[in-house]
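Take a look at the structure below.
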Amino acid sequence: MSDAAQHADRTSAPDPIPLGTTPRPVDGTDLATRVRTALAEELGGRTAGLERASIDAVLDGADIVSADIDLTGVVVRGDGAPGQAGAAGSKRWQPEVVRREPGTLRRLRVDAHRLVAVDLPVDVTAELEGLRFEWVEGSDGRVGILPVEPSEAHPVSGHARVAVDKAGLVATARGLLSVVLQQQGITLTGLDVDLVSRGPRAATLRADAAIKKGMFLSARVQATASVSVDENMVLAIRDVQLGSGNPLVAALLGTIKSRVEAATSRDIDLAEKLPDGVRLADVRLDVGQELVVSARLA
């Protein structure tokens with residue numbers, strides 16, 4: 001293997017998750033304490049309320065029988081920097097491994113009812129089974145867990161559900177869009193977004209934005225699009241339309257039409273993006289008071 005290929009292989013491989021000094025955790029309580037410390041070091045100044053998180057684990061030799069993590073009430077901010085909580089989390093841990101021991105996380109469950117991510121309340125339920133890993137010990141006297149990618153011989157199963165309040169999602173989108181447009185000297189003065197379900201895996205998006213630039217230019221911009229996931233788990237964005245009643249703005253939108261069409265014409269094979277041992281059996285998109293995305297692994 002060439003030096004360049006070896007470098008690419010190293011950079012694409014996951015880093016071990018540091019869990020303190022050797023020896024490895026002796027019981028579930030010890031592991032839960034170390035996981036909490038690792039989360040605090042990784043998230044650093046970007047999180048609040050992590051002390052309220054519930055973490056429970058059960059060990060059986062090198063295997064983790066179960067790990068239950070409840071992040072209800074945790075707030076994750078967009079500011080701050082990872083690793084601010086301590087020097088251990090200030091850089092990636094890439095040890096010289098002196099000992100390895102294979103293990104399996106038989107069941108991982110993550111709940112958050114709710115957590116706040118960048119000002120947006122999110123409800124999360126996820127459960128995975130059959131996650132392989134290695135206990136690794138470094139020459140620096142630290143121990144950690146190195147995830148092992150699933151394979152056809154060692155698949156992962158489970159399910160996940162993520163729900164956000166539709167009004168909250170629109171408010172977050174409005175804030176992010178305001179920042180982006182402000183950098184172009186454009187002020188967003190209003191934004192209405194309507195997301196309508198068209199079945200278990202399809203929805204239509206309509207947006208109406210009011211913008212202002214300088215003292216003389218103000219206009220409304222309308223955008224529509226349809227989103228769907230077919231039975232083969234291929235995500236498609238279709239029927240993207242941009243328009244404005246202001247002739248000048250309409251002309252500007254016309255100049256970017258081809259780029260928008262090119263960007264949205266490429267379908268995304270969701271199943272193809274996953275490792276060999278992860279098979280996406282179903283995806284659902286439900287729209288009501290909440291936007292709910294759920295997935296099931298075979």
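Heavy atoms only: backbone and side chains are in, while hydrogens, waters and symmetry mates are out. Predicted, not measured: the structure shown is a model, and the values here were computed from it.
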Taking all non-hydrogen atoms of both residues, which atom of [X] and which atom of [Y] are closest, and how far apart?
{"X": "A219", "Y": "S244", "result": "CB-OG, 4.0 Å"}
{"X": "V74", "Y": "G49", "result": "CG2-O, 3.7 Å"}
{"X": "V170", "Y": "V193", "result": "CG2-CB, 3.7 Å"}
{"X": "V122", "Y": "R114", "result": "O-CB, 3.2 Å"}
{"X": "P16", "Y": "P95", "result": "CG-CD, 3.9 Å"}
{"X": "V278", "Y": "P150", "result": "CG2-CG, 3.8 Å"}

Hydrophobic clusters here meaning ILVMFWY residues chained together by side-chain heavy-atom distances under 4.5 Å, can you tell me if [X] and [Y] are in one?
{"X": "V116", "Y": "L50", "answer": "no"}
{"X": "L217", "Y": "V221", "answer": "yes"}
{"X": "V240", "Y": "L195", "answer": "yes"}
{"X": "L253", "Y": "L191", "answer": "yes"}
{"X": "V292", "Y": "V229", "answer": "no"}

Find the distance between [atom1] ([X]) and [atom2] ([Y]) and round it off to the nearest 0.5 Å.
{"X": "L59", "Y": "D30", "atom1": "CG", "atom2": "CG", "answer": "8.0 Å"}
{"X": "L128", "Y": "S157", "atom1": "CG", "atom2": "OG", "answer": "8.0 Å"}
{"X": "Q222", "Y": "D208", "atom1": "CD", "atom2": "CG", "answer": "4.5 Å"}
{"X": "S54", "Y": "R36", "atom1": "OG", "atom2": "CZ", "answer": "7.5 Å"}
{"X": "E41", "Y": "R34", "atom1": "CD", "atom2": "CZ", "answer": "12.0 Å"}
{"X": "D56", "Y": "L31", "atom1": "CG", "atom2": "CG", "answer": "10.5 Å"}

Before giving the answer on side-chain contact (heavy atoms from CB on, under 4.5 Å), spell out for R238 and D267 the whole-Å C-alpha distance, their side-chain angles and the decisive distance to 0.1 Å.
CA-CA 9 Å; R238 294 287 185 268; D267 295 345; 2.9 Å; yes
What I'd like to find out is whether the side chain of [X] reaches to under 4.5 Å of the side chain of [Y], using heavy atoms alone.
{"X": "E272", "Y": "N232", "result": "no"}
{"X": "I186", "Y": "K213", "result": "yes"}
{"X": "R279", "Y": "P155", "result": "yes"}
{"X": "H159", "Y": "D282", "result": "no"}
{"X": "L19", "Y": "R24", "result": "no"}
{"X": "R132", "Y": "S151", "result": "yes"}
{"X": "L235", "Y": "V227", "result": "yes"}
{"X": "T22", "Y": "R99", "result": "no"}

Please say whether more than 12 non-hydrogen atoms of neighbouring residues, nucleotides or ligands are located less than 6.0 Å from [atom1] in [X].
{"X": "E51", "atom1": "CD", "result": "yes"}
{"X": "K166", "atom1": "NZ", "result": "yes"}
{"X": "E152", "atom1": "CD", "result": "yes"}
{"X": "D230", "atom1": "CG", "result": "yes"}

Test side-chain contact (heavy atoms from CB on, under 4.5 Å) on R106 and D60 and set out the steps.
CA-CA 10 Å; R106 300 177 196 170; D60 179 16; 2.9 Å; yes
With a 3.5 Å distance limit and no angle check, can you tell me whether [X] reaches the backbone of [Y] through a side-chain donor-acceptor pair?
{"X": "W135", "Y": "G103", "answer": "no"}
{"X": "T187", "Y": "T189", "answer": "no"}
{"X": "R142", "Y": "P18", "answer": "no"}
{"X": "S66", "Y": "R107", "answer": "no"}
{"X": "S197", "Y": "A203", "answer": "no"}
{"X": "T47", "Y": "V75", "answer": "yes"}

For D70 and T72: C-alpha separation, side-chain torsions, deciding distance, then whether side chain to side chain donor-acceptor pair (under 3.5 Å) applies.
CA-CA 6 Å; D70 192 328; T72 300; 2.5 Å; yes
side-chain contact (heavy atoms from CB on, under 4.5 Å) between R100 and L146, intermediate numbers included
CA-CA 9 Å; R100 299 175 182 268; L146 178 64; 3.6 Å; yes
Any salt bridge between [X] and [Y], counting N to O under 4.0 Å?
{"X": "R109", "Y": "D111", "value": "yes"}
{"X": "D192", "Y": "R206", "value": "no"}
{"X": "D123", "Y": "R161", "value": "yes"}

Qualifying residue for side chain to side chain contact (heavy atoms under 4.5 Å, CB included) with L131, from I64, T104, L108, I145:
L108
